[in-house]
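These values consider heavy atoms only, across backbone and side chains, with no hydrogens, waters or symmetry-generated copies.
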Amino acid sequence: MKKAILAVSFGTTHQDTLEKTIAAIEADLSAAFPDRDLFRAFTSGMVIRRLRERDGLEIDNVSEALERLLSLGYEDVILQSTHVMNGDERDKMVAQALPYAPRFLSLAVGAPLLTELEDYRAVADALLSRLPPRREDTALVYMGHGSEHYANAVYALLEYMLHDLGRRDVHIGTVEGYPGFEEVCRRLEEDGGVRSVVLYPLMIVAGDHAKNDLAGEEPDSWRSRLQHLGYAVSCQVEGLGENPAIRAVFTAHAKEASKL
């Protein structure tokens, strides 16, 4: 029986971070499943179009990838999400995959990064392993993407867990959801005595949002706005996918899916 694992990501047009994050996750999945061939799909139509038009690079969406696997004779497939949460992109992935389920002998779906309670502890530990020691005058701020989807609550839960683990100097905000930049600023004020802020992306890849909205030189970036408020700001522009402990969560989810 031919077996495959299909790694499904939002995608990115930034080749540098793709290799450090998405490709690194895929490499770990491939190593964990030596009996399966690895394939890639993206859920972002915008990213797929941009890569095609700019680079001549063809990336399948989920439907196209599954159609391809059927044509190649694969019968057993693990579809592993590399999304942060069970939000819009994961819903899109499942919707595209569902019609194909009867056409495979087995089509299992692996959970995104933050799904079960134990995932939050694993991710919190992974973040803490890369953070500097706590300083009274310094706050650490993560920027997530954010969403109107109810799964957006993952950010508050993760922040709460980090605080319970002793890092009340860590705050999480989002570009397109709640809490946003204004809520982060209020938390910095409530901390009292904060003079320095270190910014981190809370995204699998360090793409447009990380390079521009977070760390860019433009006046509307989080970096510039915090500097305007008088904080000394530094940035650590590293996607979550660069952290081996984060990648291990995706591999664990794929292994769980393979047992279903």
Side-chain angles (χ1 to χ4, degrees), residues 10 12 14 16-17 20-21 83-85 87 113-114 119-148 151-246 249:
F10 177 83
T12 180
H14 294 258
D16 56 343
T17 189
K20 295 176 183 177
T21 57
H83 302 102
V84 169
M85 61 184 180
L113 183 66
L114 293 170
D119 298 334
Y120 290 85
R121 180 57 190 262
V123 170
D125 287 343
L127 298 181
L128 292 175
S129 72
R130 309 281 269 241
L131 294 183
R134 183 173 182 178
R135 293 178 52 184
E136 291 301 320
D137 65 344
T138 302
L140 313 179
V141 173
Y142 281 95
M143 172 198 273
H145 186 278
S147 170
E148 294 183 0
N152 190 75
V154 299
Y155 298 110
L157 199 161
L158 181 60
E159 181 182 85
Y160 202 99
M161 181 169 285
L162 286 165
H163 288 186
D164 275 350
L165 292 172
R167 294 305 299 258
R168 299 191 66 86
D169 57 328
V170 178
H171 302 293
I172 298 176
T174 65
V175 188
E176 299 181 11
Y178 178 90
F181 179 78
E182 290 74 17
E183 286 74 34
V184 168
C185 289
R186 189 169 68 245
R187 285 163 174 73
L188 296 178
E189 292 176 5
E190 290 169 351
D191 285 348
V194 173
R195 292 189 291 274
S196 300
V197 178
V198 186
L199 296 173
Y200 302 84
L202 190 66
M203 305 170 186
I204 300 302
V205 303
D208 279 326
H209 285 306
K211 294 176 181 178
N212 298 317
D213 297 319
L214 182 74
E217 298 293 339
E218 297 79 5
D220 60 347
S221 73
W222 283 25
R223 175 183 184 173
S224 296
R225 293 166 73 183
L226 286 169
Q227 287 175 333
H228 181 73
L229 292 172
Y231 295 103
V233 183
S234 60
C235 303
Q236 297 292 326
V237 185
E238 176 183 275
L240 294 178
E242 297 183 49
N243 188 325
I246 295 290
V249 176

Does the ring of Phe181 carry Arg225 above it, NZ/CZ under 6.0 angstrom from centre and within 45° of its axis? yes
Rounded distance [0.5 Å steps], CG in Asn152 versus CG in Leu157: 12.0 Å
Gap separating the OG atom of Ser221 from the NZ atom of Lys211, nearest 0.5 angstrom: 15.0 Å
With a sphere of 6.0 Å drawn around CZ of Arg135, does it hold more than 12 non-hydrogen atoms of other residues, nucleotides or ligands? no
In Å, rounded to the nearest 0.5 Å, how long is the span from CE of Met203 to OG1 of Thr174? 8.5 Å
Test item: Pro132 and Thr138 side chains (from C-beta on) under 4.5 Å apart, heavy atoms: no
Could you tell me whether the side chain of Thr21 and the main chain of Thr17 form a donor-acceptor pair under 3.5 Å? yes
Look at atom CD of Glu183 and say whether more than 12 heavy atoms of other residues, nucleotides or ligands are closer to it than 6.0 Å. yes
Does some side-chain heavy atom of Leu114 sit less than 4.5 Å from a side-chain heavy atom of Tyr120? yes
Given side chains that start at C-beta, do those of His14 and Val205 come closer than 4.5 Å, heavy atoms only? no
Which class fits the ring pair His209 and His145: parallel under 30°, tilted 30 to 60°, perpendicular over 60°? perpendicular
If we ignore hydrogens and angles and just use 3.5 Å, is the side chain of Asn243 paired with the main-chain N or O of Ala126 as donor and acceptor? yes
Validation row: Leu240, Leu127 side chains within 4.5 angstrom (heavy atoms): yes
Flag side-chain contact, heavy atom, 4.5 Å: Ile204 against Thr12: no
Nearest 0.5 Å, what's the SG-CH2 distance between Cys235 and Trp222? 11.5 Å
Within a radius of less than 6.0 Å around CZ of Arg130, do more than 12 heavy atoms belonging to other residues, nucleotides or ligands occur? yes
Between the OH atom in Tyr178 and the CD atom in Glu148, the distance rounded to the nearest 0.5 Å is 15.5 Å
Within this structure, what is the CE-CG distance for the pair Met161 and Asp119, rounded to the nearest 0.5 Å? 10.0 Å
Heavy-atom distance under 4.5 Å between the side chains of Val123 and Leu113, does that happen here? yes
I'd like to check Arg223 versus Leu199 (side-chain heavy atoms, cut-off strictly below 4.5 Å). Are they in contact? yes
Only one of Arg186, Arg168, His171 passes side chain to side chain donor-acceptor pair (under 3.5 Å) with Asp191; say which it is. His171
If you count heavy atoms of other groups shown closer than 6.0 angstrom to NZ of Lys20, is the number above 12? no
Could you check if a side-chain atom of Leu188 sits within less than 4.5 angstrom of a side-chain atom of Leu226, using non-hydrogen atoms only? yes
Partner of Val141 by side chain to side chain contact (heavy atoms under 4.5 Å, CB included), out of Val170, Val197, Ile172, Leu202: Val197
